[in-house]
Amino acid sequence: MTARIVVLTGAGVSAESGIRTFRAADGLWEEHRIEDVATPEGFRADPALVHRFYNERRRQLVGGTVEPNAAHLALARLEQQHPGGTMIVTQNIDDLHERAGSRNLIHMHGELLRMRCVACDHLSERLTDSSVADACAECGGALRPHVVWFGEMPLDLDTIYDALEACAVFVAIGTSGNVYPAAGFAAVAAQVGAHTIELNLEPSEVASTFAETRYGPATELVPRWVEEVLA
Ligand code: BV8
Ligand code: ZN
């Protein structure tokens with residue numbers, strides 16, 4: 001179902017929960033750039049390295065030290081209380097929106113807590129470390145993180161573009177606007193006359209495509225904006 005409000009979130013919405021953003025983590029991770037590790041080529045070349053990269057991030061997420069923050073909670077409240085409907089499209093692979101109570105949610109770049117079979121696409125939940133030794137329960141094929149890597153097609157793009165073309169308000173929160181096609185969503189929404197808002201710590205690469213911009217931490221900006229919308 002389409003929604004009057006479409007929200008795009010990026011790593012900045014989870015930053016205050018203690019999850020490192022890409023810009024903060026950027027440059028070298030185990031001597032590799034994230035763009036080199038998070039690619040199909042990187043996985044083919046060194047699957048053990050890529051499993052290690054995601055195991056480290058999954059351990060942080062399931063370790064009990066990371067909680068949804070006031071921004072995640074405010075967005076869940078918006079979905080529950082706003083009559084026009086709210087859809088969250090997240091670039092994040094953490095489960096903090098779900099844990100905050102959001103339901104109408106699309107993980108366009110996949111999910112850290114799920115694995116996908118490279119042979120039959122069977123999805124399975126994964127809370128512990130994965131490795132090259134893992135085999136698909138359905139067909140015995142090898143498993144990969146259910147994550148969209150650079151050069152791969154994001155998930156549910158048809159649903160996302162339908163929602164962008166039907167929304168009245170598009171809000172991007174905590175994203176640097178470096179990665180496409182997500183970085184182009186504001187322009188699509190503006191094209192159909194939606195009001196576009198950027199809520200971020202600093203201007204993104206695509207700040208000029210927004211009608212309204214507010215800068216500061218998400219845990220301050222998002223609850224305040226949601227209260228305005230619900231008032
Ligand atoms: C695709 C999963 C074809 C993995 C991710 C050359 C030019 C243009 C494009 C390309 C190009 N070469 C290649 C491309 C395409 C490429 C791309 O855009 N590359 C970039 C690097 C140039 N894109 C792709 O490959 C995509 N697929 O294009 O397929 C296609 C095209 C069109 C239509 C159909 C098909 C697939 C990309 C998905 C890659 N996977 N994630 C993983 O997580 O390990 S991307 C990953 O990085 C995230 O998901 C996210 O998308 C991106 C990081 O962005 P952010 O979330 O914005 O995080 P970042 O750290 O950058 O910024 C954080 C922001 O928060 C900052 O602005 C900061 O100021 C702010 N912030 C920080 N703290 C706070 C805060 N804000 C508020 N409060 C705070 N406390
Ligand atoms: Zn399989």
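Counting starts at 1 for both ligands and their atoms, in listed order. Computed from a predicted model, the values in this text were never measured in an experiment. Computed from heavy atoms alone, side chains included, the values below leave out hydrogens, waters and symmetry copies. Note that the numbering runs from 1 along the sequence shown for the chain.
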Checklist entry - Is it the side chain, the backbone, both or neither of Thr175 that has a heavy atom closer than 4.0 Å to ligand 1? => result both
Item to check | Check ion pair Arg114-Glu98 (N to O, under 4.0 angstrom) | outcome: no
Item to check | Non-hydrogen protein atom less than 4.0 angstrom from atom 14 (C) of ligand 1 | outcome: no
Next on the checklist: Looking only at protein heavy atoms, which one is nearest to atom 58 (O) of ligand 1, and what is the separation?
Outcome noted: Ala11 CB, 3.4 Å
Checklist outcome for this item: ligand 1 atoms nearer than 4.0 angstrom to some heavy atom of Tyr54 are 4 (C), 42 (C), 44 (O)
Checklist entry - What protein heavy atom sits nearest atom 52 (C) of ligand 1, and how far away is it? => result Val179 CG2, 3.5 Å
Next on the checklist: For atom 79 (C) of ligand 1, what's the nearest protein heavy-atom neighbour? Residue, atom name and distance, please.
Outcome noted: Gly12 O, 3.4 Å
Checklist entry - atom 4 (C) of ligand 1: which protein heavy atom is closest, and how many Å away? => result Val147 CG1, 3.3 Å
Checklist entry - Can any side-chain N or O of Gln81 pair as donor or acceptor with the backbone N or O of Leu230 at less than 3.5 Å? => result no
Checklist outcome for this item: Only residue of Thr86, Ile5, Val6 satisfying side-chain contact (heavy atoms from CB on, under 4.5 Å) with Cys167 is Val6
Checklist outcome for this item: Residue, atom and distance of the protein heavy atom nearest atom 20 (C) of ligand 1 read Asn178 O, 3.6 Å
Checklist outcome for this item: Closest non-hydrogen contact found for His72 with Leu96 is NE2-CB, 3.5 Å
Checklist entry - Considering all heavy atoms of both residues, which atom of His97 and which atom of Asp94 are nearest to each other, and what is their separation? => result N-OD1, 4.4 Å
Next on the checklist: So for ligand 1, is Phe22 a polar contact partner (N or O within less than 3.5 Å, distance only)?
Outcome noted: yes
Item to check | Residue-ligand contact Pro217/ligand 1, heavy atom below 4.0 Å | outcome: yes
Item to check | Region of Ala218 engaging ligand 1 - heavy atom pairs below 4.0 Å | outcome: both
Checklist entry - Among Arg57, Glu220, Gln91, Met153, whose heavy atom sits nearest atom 30 (C) of ligand 1? => result Met153
Next on the checklist: Looking only at distances, can you tell me whether any N or O atom of Gly174, backbone or side chain, sits closer than 3.5 Å to an N or O atom of ligand 1?
Outcome noted: yes
Checklist entry - Do Asn200 and Thr175 meet the criterion of a side-chain donor-acceptor pair at a distance under 3.5 Å? => result no
Next on the checklist: Tell me if the CD atom of Gln191 is crowded by more than 12 foreign heavy atoms within 6.0 Å.
Outcome noted: no
Next on the checklist: According to a hydrophobic-cluster definition based on side-chain heavy atoms being under 4.5 Å apart (Ile, Leu, Val, Met, Phe, Trp, Tyr only), do Val222 and Leu105 belong together?
Outcome noted: yes
Checklist entry - Of the protein's non-hydrogen atoms, which lies at the shortest distance from atom 66 (C) of ligand 1, and what is that distance? => result Arg23 CD, 3.5 Å
Checklist entry - Below 2.8 Å, any N, O or S contact between Cys120 and the Zn ion (ligand 2)? => result yes
Next on the checklist: Gly10 versus ligand 1: do any nitrogen or oxygen atoms come within less than 3.5 Å of each other?
Outcome noted: no
Next on the checklist: If you apply the rule salt bridge (Lys or Arg N to Asp or Glu O under 4.0 Å), what do you find for Glu227 with Arg77, and how did you get there?
Outcome noted: CA-CA 9 Å; Glu227 293 323 310; Arg77 201 164 52 249; 2.7 Å; yes
Next on the checklist: How far is atom 69 (O) of ligand 1 from the closest protein heavy atom, and which atom is that?
Outcome noted: Glu202 OE2, 3.2 Å
Checklist entry - Quick check: are there more than 12 heavy atoms from other residues, nucleotides or ligands sitting under 6.0 Å from CZ of Arg214? => result yes
Next on the checklist: Quick test of your reading of the structure: of Leu157, Val148, Leu201, whose heavy atom lies closest to atom 40 (N) of ligand 1?
Outcome noted: Val148
Checklist entry - What about Leu78 and Met87, same hydrophobic cluster or not, with Ile/Leu/Val/Met/Phe/Trp/Tyr joined at side-chain heavy-atom distances under 4.5 Å? => result no
Checklist entry - Identify the closest protein heavy atom to atom 17 (C) of ligand 1: which residue and atom is it, and at what distance? => result Tyr180 N, 3.9 Å
Next on the checklist: Whether the side chain of Glu152 engages the backbone of Pro40 through a donor-acceptor N/O pair (distance < 3.5 Å, no angle test) should be reported.
Outcome noted: no
Item to check | Best match, Ala172, Ser176, Gly184, Pro145: closest heavy atom to atom 54 (O) of ligand 1 | outcome: Ser176
Checklist entry - So what does the Cys136 SG - the Zn ion (ligand 2) - Cys117 SG angle come to, to 10°? => result 110°
Next on the checklist: If you measure every N or O of Asn200 against every N or O of ligand 1, does any of those distances drop under 3.5 Å?
Outcome noted: yes
Next on the checklist: Is it the case that ligand 1 has an N or O less than 3.5 angstrom from some N or O of Gly151?
Outcome noted: yes
Checklist entry - Are His51 and Ser131 close enough that a side-chain donor and a side-chain acceptor fall under 3.5 Å? => result no
